[in-house]
2 protein chains.
Amino acid sequence: MKKSSTQSVQDYLKRIYELTENGSPASTNDLARELNIKPASVTGMIQKLAAEKPALLEYQKHQGVTLTPTGKRAALEVIRHHRLLETWLVQTLGYAWDEVHEEAERLEHVISEDFERRIAAALGHPLRDPHGELIPTADLKMPADKSTSLSALRKKQAGRILCVKSADADLLRHLNEIGLTPNTMIEVIDYSPFDHNLTIKVEKKTYVLGLSITSKIFLEIA
Amino acid sequence: MKKSSTQSVQDYLKRIYELTENGSPASTNDLARELNIKPASVTGMIQKLAAEKPALLEYQKHQGVTLTPTGKRAALEVIRHHRLLETWLVQTLGYAWDEVHEEAERLEHVISEDFERRIAAALGHPLRDPHGELIPTADLKMPADKSTSLSALRKKQAGRILCVKSADADLLRHLNEIGLTPNTMIEVIDYSPFDHNLTIKVEKKTYVLGLSITSKIFLEIA
DNA sequence: TTCTGAATTTAGGCTTGACTAATTATATTT
DNA sequence: AAATATAATTAGTCAAGCCTAAATTCAGAA
Ligand SMILES: [Mn+2]
Ligand SMILES: [Mn+2]
Ligand SMILES: [Mn+2]
Ligand SMILES: [Mn+2]
């Protein structure tokens, strides 16, 4: 029935999904950067994927790409694998949240649907991965995300961390050390309009965080 | 240091290891059959592997191949992955022994050394996989095998099953149904010299087994 | 020893997915 | 509106790994 795609194609679709979550098409250059592949190669691949029998993506020269429903499903399948695997590496093998990404990046392409079902069940069908990212459901729908970026909060606002969007292991380790992990309560003490720094309070302690950090933390406002 | 090999190369090395366990070189045809690849393609690959900087195998035209120490280590690394994975799929995800091979066949190539260490530790450093196959040690030595093929036993001999050497899911399911799994005690009731059938007793019941089955079961003689 | 069939190798081709270099299209300034 | 800078595409290569068809080599039988 459905011919399963290669590792490469799966990675393209996954990145395109992520880059188009904001509603706008993914550019060739952005994709190239995310995939660590030269732009010329990306052009070649997206032209091929747009030409397939049931097209995986929509493409017009110089306009970037968006996923078709077929491509979106394929992307969500890989993302579900990735996030379930990360959850499962943390829960059952004691990985830290900064150690799981690379491993999941390789495993996501080779596990069977049976394996996926088994770990989902063993984990109790989790809604979020160790970073707080939403896990697509078994029927491949992405749950609605109602989180707000910490960078959008101002003095006196507070909330609970839902998600940290980063694959940077050093950053993740640092955030873990100062206690900025999902479910932690945060309060904004001050905002500096010039550099967009936020002073926040976590568990009695305060930290001043730059935009490169606050833009990656998402919360549910209290 | 050591540049890791591709999936394909790893599968070649693994099969060559298995085919040369009896001491004689692996022939092109045998390899082609085991790998589901045409003989012409096998010739191409083994020539390439024999030509690498530290050669992975020894090859002389029309004489078959054997692994060099380097190739053997690479093979044992993959085999250790495979067998640890099978053990772990059975122990922690409830797979049946006839369901694990395919999954392990894909996972073996993508897990990290860290992952390997973690599952080995979680399983208590097992010596054998679910089929009873010996698991290469962490320093890549294959433990000595002292088992005897059931097909070599005769009337009145008895023993304990150590290993079932087969990847045939149907056969494995059948053996499981009649209780022929590792650790089970077996007694030979009769031997038919013409067709090499053995009549054996397992848990009060008797079965007549042909050579295609008895040659795949290995035991420790009582 | 010569013949013959099976095993193996050679030769030539194809697909996938990358790369570099050169070209073209778009967007930003002036 | 023209000039320029940036983004994207085209054109041409390459390496891995597989394939088929056509030699070639080897080993056992006559
Ligand atoms: Mn991740
Ligand atoms: Mn990946
Ligand atoms: Mn196996
Ligand atoms: Mn394999």
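All values reported here derive from a predicted model rather than from experimental measurement. Naming: A, B, ... by sequence-line order, numbering from 1 per chain.
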So, is [X] near the phosphate of [N], with a side-chain N or O under 4.0 Å from OP1 or OP2?
X	N	answer
B:Ser8	D:dG17	no
B:Ser41	D:dC19	yes
B:Tyr59	C:dT9	yes
B:Ser27	C:dA7	no
A:Gln47	D:dT10	yes
B:Lys61	C:dT10	yes
A:Tyr12	C:dT16	no
B:Thr43	C:dT9	yes

Any side-chain donor near an acceptor of the partner, A:Ser8 and A:Asp11, under 3.5 Å: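 No donor-acceptor contact under 3.5 Å links the two side chains.
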For B:Lys14, the option from B:Glu77, B:Glu21, B:Glu105, B:Glu34 that meets salt bridge (charged side-chain N to carboxylate O under 4.0 Å, His left out):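 Among B:Glu77, B:Glu21, B:Glu105, B:Glu34, the one meeting salt bridge (charged side-chain N to carboxylate O under 4.0 Å, His left out) with B:Lys14 is B:Glu105.
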Cationic tip of A:Lys165 above A:Phe218 ring, under 6.0 Å, 45° of axis: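 Positive - A:Lys165 is close enough to the ring of A:Phe218 and near enough to its axis.
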Qualifying salt bridge (Lys or Arg N to Asp or Glu O under 4.0 Å) pairs with a residue from residues 132-142 of chain B, counting only residues at least two apart or across chains: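 Every salt bridge (Lys or Arg N to Asp or Glu O under 4.0 Å) pair that includes a residue of residues 132-142 of chain B, provided the two are not neighbours, is B:Arg83-B:Glu133.
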Euclidean distance, atom CG of residue A:Leu49 to atom P of C:dA18 [Å, nearest integer]: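 In whole Å, C:dA18 P and A:Leu49 CG are 10 Å from each other.
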Interatomic distance where CD1 belongs to A:Ile37 and P belongs to C:dC19 [whole Å]: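 It works out to 6 Å between those atoms.
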SB check A:Glu99 B:Arg118 (cutoff 4.0 Å):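 The answer is yes: the pair qualifies as a salt bridge.
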Nearest listed nucleotide, side chain of A:Asn29, among D:dA7, D:dC18, C:dC19: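 Looking only at heavy atoms from C-beta outward on A:Asn29, the closest nucleotide is D:dA7.
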Candidate nucleotides C:dT9, C:dG17, D:dC18, ranked by approach to the side chain of A:Thr6 - the nearest: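 That would be C:dG17.
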Scan nucleotides 21-25 of chain D against the protein and return all N/O pairs shorter than 3.5 Å with their distances rounded to 0.1 Å.
none

Side chains of residues 41-54 of chain A: which donor-acceptor partners sit under 3.5 Å, not counting sequence neighbours?
residue, atom, partner, partner atom, Å
A:Thr43, OG1, A:Pro39, O, 3.3
A:Gln47, NE2, A:Tyr59, OH, 3.3

A:Gln63 vs A:Pro39, nearer the 5' end of DNA chain C by closest nucleotide: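 Residue closer to the 5' terminus by nearest nucleotide: A:Pro39.
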